[in-house]
Amino acid sequence: MKVETAFVTDPELEDRFESHGNVAVEEVELDEPKDHEVLIDIEACGVCHSDWHVAAGDAPMKHYPAAIGHEAAGTVEQVGDAVTHVEPGDSIVTSYIPCCGKCEPCSQGYQELCVRGQYLEKGPMMDGTFRYHRQEKEEDIGQFVLLGVFSEKAVVHKDSVVPVLDHYPAEAACLTGCGVATGFGAAANRADIDAGATTVHFGFGGVGASAVQGAKVSGADDIIVVEPKDQRREWAEEMGATRTVDPNEEDVLEVVDDVTWGAMADHSFITVDVTTSEMIGTALNTVGGRGETIMVAVAPGETDTIDFQGHGAGSVLGMEKELKGTIYGGWSPNYAIPNLLKMYDNGTLPLDDFVSKTYDLDEINDAFDDMLKGNIIRGVVKP
């Protein structure tokens, strides 16, 4: 079948913070699903910086061209013979972590660390073959994290498909497939937030907004958002921040010191578009004794140090600080997605407020431009 699909032919590294218009949208050939696969009619797909990492070269695929998009909601159209948990007509959300349910991490309850993560940046499906094909140039198109769902339709592995109730708006539901689960879970799962805690959040895009929500639900009292964009600071205040900081105008450490009466924060979260060695050091410096820094944002591959900017690394040892990584917010997609949507139903998680703008598929480069310029919290493409 023929479908319109967005893909990257070559990554560009000239400027990580400016769209180069190098995401193509073309009509391509899409194969039928194999035994363990599902054909999905895509209704909405969130615009996530992880896709831009593929386009910019921060997280290069092993195969190009590569179809991008991984945060989708849609309807099952066809299933392979080995698929039993969904059927045509079901509403679903895609998880960028495929969960087999049988490996050691999955068996321990850590589906986000499923061994099938080894396939995420290869390009072909798990059997080594491709589902998208560029006809004119006779090229196979890989699928970022086995998805590539900036497309009218997509064929994905069954382990990447999570069934959900059919009453959720696709624009809201799709966000739980990556950004909201990652940010919310970073605060609610990876950080040990006690009632009355102080948290510092570097960056307020889709993941950063979700981390703020996770901190609120977990009982944080003072929530400080560090964000250079004026509009995003306004959104942060509307969505739960008790204090915002423009790092170009104020010293972050002085603000945290003032808010906490010198004790410094309990937790800090790095949820910027692209992190740096300096930001990791600053985030660690904002927390006090037994404080935690949760690193959510991707750092360029060449980042191999932490810059404490004159404060010294000794405080990590002497004050028992921790630097933690996280993927998918430290929880299992098959648990996270329906539970986040339940919170949306109950009014606890305002997913509608996350969606700043929707785009047609052929406006995908405009969506990335808006994301990189900080004009949106989350954009959603509706193919």
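When reading the values below, keep in mind they use all heavy atoms of this one structure, side chains included, and skip hydrogens, waters and symmetry mates. Index from 1, following the sequence.
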- Message: Using the ring centroid of each side chain, check whether Y96 and F144 are separated by less than 6.0 Å.
- Response: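 No, the ring of Y96 stays outside the 6.0 Å limit from the ring of F144, centre to centre.
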Does some side-chain heavy atom of [Y] sit less than 4.5 Å from a side-chain heavy atom of [X]?
X: P247; Y: F202; result: no
X: D194; Y: D266; result: no
X: E71; Y: R378; result: yes
X: Y344; Y: L175; result: no
X: F7; Y: V23; result: no
X: L147; Y: S160; result: yes
X: I224; Y: T244; result: no
X: I42; Y: K153; result: no

Within the 3.5 Å criterion, strictly below it, is a donor on [X] or [Y] matched to an acceptor on the partner's side chain?
X: T293; Y: S268; value: yes
X: T75; Y: E43; value: yes
X: H167; Y: D345; value: yes
X: S332; Y: N334; value: no
X: Y132; Y: D31; value: no

Output yes when [X] and [Y] qualify as a salt bridge under the 4.0 Å nitrogen-oxygen rule, no when they do not.
X: R131; Y: E37; value: yes
X: D192; Y: K324; value: yes
X: E250; Y: R243; value: yes
X: E322; Y: R290; value: no
X: K382; Y: E171; value: yes

Taking atom [atom1] of [X] and atom [atom2] of [Y], what is their separation to the nearest 0.5 Å?
X: T198; Y: I223; atom1: OG1; atom2: CD1; result: 9.5 Å
X: M126; Y: D159; atom1: CE; atom2: CG; result: 5.5 Å
X: F204; Y: E234; atom1: CZ; atom2: CD; result: 11.5 Å
X: R233; Y: D246; atom1: CZ; atom2: CG; result: 4.0 Å

- Output, in order, the C-alpha distance, side-chain angles, deciding distance and verdict of salt bridge (Lys or Arg N to Asp or Glu O under 4.0 Å) for K373 and D370. CA-CA 5 Å; K373 292 174 182 175; D370 282 339; 5.9 Å; no
- Task: Determine, step by step, whether L351 and T176 satisfy the side chain to side chain contact (heavy atoms under 4.5 Å, CB included) criterion, reporting the C-alpha distance in whole Å, the side-chain angles of both residues, the deciding distance to 0.1 Å, and the verdict.
- Result: CA-CA 9 Å; L351 294 178; T176 63; 4.1 Å; yes
For [Y], is there any backbone N or O sitting under 3.5 Å from a side-chain donor or acceptor partner on [X]?
X: T94; Y: V149; answer: no
X: T271; Y: G203; answer: yes
X: E27; Y: T5; answer: no

Hey, any chance [X] and [Y] share a hydrophobic cluster, counting ILVMFWY side chains that come within less than 4.5 Å of each other, even indirectly?
X: L30; Y: F150; result: no
X: V287; Y: I280; result: no
X: V47; Y: L372; result: yes
X: F269; Y: V256; result: no
X: I193; Y: M264; result: no

- Run through H36, H157, K34 and flag the one making a side chain to side chain donor-acceptor pair (under 3.5 Å) with D127.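 Checked H36, H157, K34 against D127; only one passes side chain to side chain donor-acceptor pair (under 3.5 Å): K34.
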- Item | Stepwise side chain to side chain contact (heavy atoms under 4.5 Å, CB included) check, V156 with I40 | CA-CA 8 Å; V156 305; I40 304 166; 3.6 Å; yes
- Looking only at heavy atoms, what is the nearest atom pair of A172 and D352, with distance?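 Minimum heavy-atom contact is CB-OD1, 3.9 Å.
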- Message: Would E29 and K2 count as a salt bridge (Lys or Arg N to Asp or Glu O under 4.0 Å) here? Give the steps.
- Response: CA-CA 5 Å; E29 186 70 24; K2 292 179 172 57; 3.7 Å; yes
- Task: I would like to know whether F130 and H63 meet ring-ring contact (aromatic ring centres under 6.0 Å, His included); could you show each step before the answer?
- Result: CA-CA 11 Å; F130 297 83; H63 176 94; 4.6 Å; yes
